[in-house]
Amino acid sequence: AARSPDNLRCPIVVIMGHVDTGKTKLLDKIRKTNVQEGEAGGITQQIGATFFEKKTLEAQTAKLNQTEQFDIKIPGMLVIDTPGHESFSNLRSRGSSLCDIAILVVDLMHGLEQQTIESLNMLRQKKVPFVVALNKVDRCYAWKTCKDTPIRDALKEQEAGTISEFRNRALDAKVQLQEQGVNSNLYWEMGDDDWSNSDFIPLVPTSAITGEGVQDVLMLLCQMAQRKIWKHIMWCANLEATVLEVKAIDGLGMTVDVLVVNGYLREGDKAVFCTLDGPIITEIRGLLTPPPSREMRVKSDYLHHKEVKGALGVKVIGNGLEKVMAGTPVMVVGPNDEEEDIKAEVMSD
Ligand code: GTP
Ligand code: MG
Ligand code: NA
């Protein structure tokens with residue numbers, strides 16, 4: 001089908017922020033999984049990828065949508081998790097380069113921290129539109145849990161003292177953002193002028209544990225994709241793909257996790273990868289993905305595909321993948337292409 005606003009691909013959403021602000025937990029909440037508790041020391045050390053189907057986005061915004069009446073047109077969402085630990089700024093940089101939109105997660109109890117500011121600067125430098133999640137709102141004194149509820153409904157249930165603590169902390173975050181040159185506001189208090197100013201950042205209080213505000217984050221991301229960056233995510237058949245990770249998997253040998261942004265990858269394709277020793281051409285022997293709403297970096301019952309369509313994270317099986325470099329592009333030799341031309345092109349990026 002043609003390029004049109006009715007034919008959008010899935011946006012790629014990166015989740016960034018300081019260590020332990022709750023990035024992985026927020027994804028666990030949406031996935032209904034427990035990836036974070038399986039991490040060594042509770043620290044994320046790799047880039048992750050999770051695909052959410054449109055029906056999942058619809059189900060998890062249903063309560064909020066009773067008032068918002070918003071039509072989800074994107075076919076799903078691919079979310080890239082990144083580590084917040086200071087030693088992984090290369091992975092944060094890669095994540096911010098790969099994405100269309102982002103969630104910057106701030107711990108409401110701590111405000112802006114060092115890697116929050118680093119992430120913020122990466123997103124601004126790459127002109128990535130983003131929302132700020134003010135996470136751990138459930139830590140406000142005497143917070144009454146309103147499981148998986150839109151944030152404004154949850155705030156209505158709180159006592160005056162809790163609201164006052166919440167207001168003070170949200171204001172602190174806003175002032176700290178202002179010190180970084182970023183104008184922001186609680187998203188439901190933004191005026192029309194703020195929405196039309198592309199540098200103005202919506203703030204969304206969330207709890208990754210009890211789920212308040214998670215509906216709101218998902219809704220804002222869908223709206224951002226459909227209203228702000230729809231031209232940028234029009235589906236297109238030309239392959240655009242990048243290597244996320246290279247790793248050995250029991251029973252599969254060396255595999256390459258590829259982010260297919262646009263276009264198709266097919267079993268049997270002659271794929272061109274960059275390695276430490278120069279370009280290689282290898283036949284794709286297998287294309288595996290985790291089931292929807294499952295993290296790619298966690299071993300699961302992979303689904304086998306003959307063909308995948310971007311945007312999607314996919315595990316590629318083939319020979320000679322040992323020295324493939326993360327962060328490099330992937331190309332395919334088409335019927336009318338010269339192998340040498342494609343090899344030169346893949347290395348030139
Ligand atoms: P890195 O990937 O290592 O940078 O951390 P992260 O940002 O992914 O944070 P993670 O999901 O590992 O959560 C860190 C800790 O905060 C865990 O102990 C979580 O249980 C806790 N946590 C995360 N979100 C919330 C929240 O909304 N409320 C509360 N009370 N605790 C939370
Ligand atoms: Mg994490
Ligand atoms: Na952590």
Side-chain angles (χ1 to χ4, degrees), residues 13-50 60 78-96 98-99 102-120 122-123 130-151 154-155 157-158 162 165-166 169-170 173 186 203-218 244-245 257 293-298 313:
V13 180
V14 75
I15 179 157
M16 296 180 79
H18 196 81
V19 69
D20 284 348
T21 50
K23 300 177 291 296
T24 304
K25 253 327 194 220
L26 207 48
L27 288 178
D28 274 333
K29 185 76 205 170
I30 306 167
R31 285 187 295 241
K32 303 180 173 146
T33 56
N34 234 324
V35 172
Q36 195 270 337
E37 283 169 28
E39 292 181 323
I43 297 285
T44 302
Q45 309 203 28
Q46 292 178 347
I47 284 190
T50 308
Q60 297 212 18
L78 185 70
V79 184
I80 306 286
D81 192 9
T82 66
H85 190 276
E86 59 179 337
S87 59
F88 297 109
S89 69
N90 60 326
L91 297 183
R92 284 190 289 281
S93 176
R94 190 179 307 154
S96 64
L98 293 171
C99 70
I103 313 170
L104 180 62
V105 183
V106 170
D107 182 333
L108 182 62
M109 299 296 122
H110 296 170
L112 267 61
E113 300 174 273
Q114 205 171 348
Q115 275 61 51
T116 321
I117 295 173
E118 184 205 57
S119 304
L120 177 72
M122 285 179 183
L123 294 171
F130 61 97
V131 299
V132 170
L134 300 175
N135 193 38
K136 309 198 187 182
V137 69
D138 60 285
R139 292 246 176 112
C140 288
Y141 181 74
W143 180 265
K144 285 191 197 130
T145 297
C146 302
K147 199 167 172 286
D148 302 334
T149 299
I151 190 62
L155 287 170
E157 300 301 316
Q158 309 303 320
T162 307
E165 181 188 348
F166 162 72
R169 291 188 184 277
L186 293 169
L203 307 177
V204 199
T206 56
S207 169
I209 303 290
T210 43
E212 294 89 343
V214 173
Q215 305 230 351
D216 307 65
V217 174
L218 288 174
L244 288 177
E245 300 273 356
D257 290 354
S293 297
R294 287 293 173 274
E295 170 58 80
M296 181 144 92
R297 68 188 155 92
V298 175

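One-based numbering, in listed order, for ligands and for the atoms of each. The structure displayed is predicted, hence computed values, not measured ones.
Leu244 is listed as a side-chain neighbour of Leu98, based on a closest heavy-atom distance under 4.5 Å. Looking only at side-chain heavy atoms (C-beta outward), Leu186 and Pro205 come within less than 4.5 Å of each other. Side chains of Asp20 and Ile43 form a contact here, defined as non-hydrogen atoms less than 4.5 Å apart. The side-chain heavy atoms of Arg297 and Glu39, taken from C-beta on, include a pair separated by under 4.5 Å. Counting only heavy atoms from C-beta outward, the side chains of Gln158 and Cys146 approach each other to under 4.5 Å. Using a 4.5 Å cut-off on side-chain heavy atoms (C-beta onward), Val137 and Phe166 make contact. Inter-residue side-chain proximity for Cys140 and Met109 is flagged as met; some heavy-atom pair is nearer than 4.5 Å.
By the 3.5 Å distance cut-off applied to N or O atoms, Thr21 is counted among the residues near ligand 1. Between Gly22 and ligand 1, at least one pair of N/O atoms sits closer than 3.5 Å. Backbone and side-chain nitrogen or oxygen atoms of Glu39 are examined, and none is located within less than 3.5 angstrom of a nitrogen or oxygen of ligand 1.
Under the side chain to side chain contact (heavy atoms under 4.5 Å, CB included) rule, Val214 has a single partner from Asp148, Ile151, Val204, Leu26, which is Leu26.
Closest to atom 22 (N) of ligand 1, if we only count protein heavy atoms, is Lys136 CE, 3.7 Å. Among protein heavy atoms, the minimum distance from atom 27 (O) of ligand 1 is reached at Ala208 N, 2.8 Å. For atom 24 (N) of ligand 1, the nearest protein heavy atom (residue, atom name, distance) is Asn135 ND2, 3.2 Å. The protein non-hydrogen atom at the shortest distance from atom 29 (C) of ligand 1 is Ile209 CG1, 3.4 Å. In this structure, atom 6 (P) of ligand 1 lies nearest to the protein heavy atom Lys23 N, 3.4 Å. Scanning the protein heavy atoms around atom 30 (N) of ligand 1, the nearest turns out to be Asp138 OD2, 2.8 Å. Here the protein heavy atom with the shortest distance to atom 18 (O) of ligand 1 is Gln36 NE2, 4.4 Å. Nearest protein heavy-atom contact of atom 2 (O) of ligand 1 is Thr44 OG1, 2.7 Å.
Shown in contact with Arg139 at under 4.0 Å from a heavy atom are these atoms of ligand 1, numbered in order with element: 30 (N), 31 (N). Those atoms of ligand 1 that come under 4.0 Å of a heavy atom in Gly42, given as number and element, are 3 (O), 12 (O). Heavy-atom proximity to Val19, at under 4.0 Å, picks out these atoms of ligand 1: 3 (O), 4 (O).
Contact annotation for Lys25 and ligand 1: heavy atoms of both the backbone and the side chain come within less than 4.0 Å of the ligand.
At least one N, O or S atom of Thr24 sits under 2.8 Å from the Mg ion (ligand 2). Contact annotation: Asp20 places an N, O or S atom under 3.0 Å from the Na ion (ligand 3). Not a single N/O/S atom of Thr82, whether from backbone or side chain, sits less than 2.8 Å from the Mg ion (ligand 2). Among the atoms of Gly42, an N, O or S atom falls under 3.0 Å of the Na ion (ligand 3).
Using a 4.0 Å cut-off between charged nitrogen and carboxylate oxygen, Glu37 and Lys25 count as a salt-bridge pair. Salt bridge Glu118/Arg92: present, at least one basic N to carboxylate O contact under 4.0 Å.
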- Message: side chain to side chain donor-acceptor pair (under 3.5 Å), that's the test. Do Thr44 and Thr24 meet it? Break it down for me.
- Response: CA-CA 8 Å; Thr44 302; Thr24 304; 2.9 Å; yes
- What's the verdict on side chain to side chain contact (heavy atoms under 4.5 Å, CB included) for Val105 and Ile15, showing C-alpha distance, side-chain angles and the deciding distance? CA-CA 7 Å; Val105 183; Ile15 179 157; 3.8 Å; yes
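By the 4.0 Å heavy-atom criterion, Gly17 is excluded from the residues contacting ligand 1.
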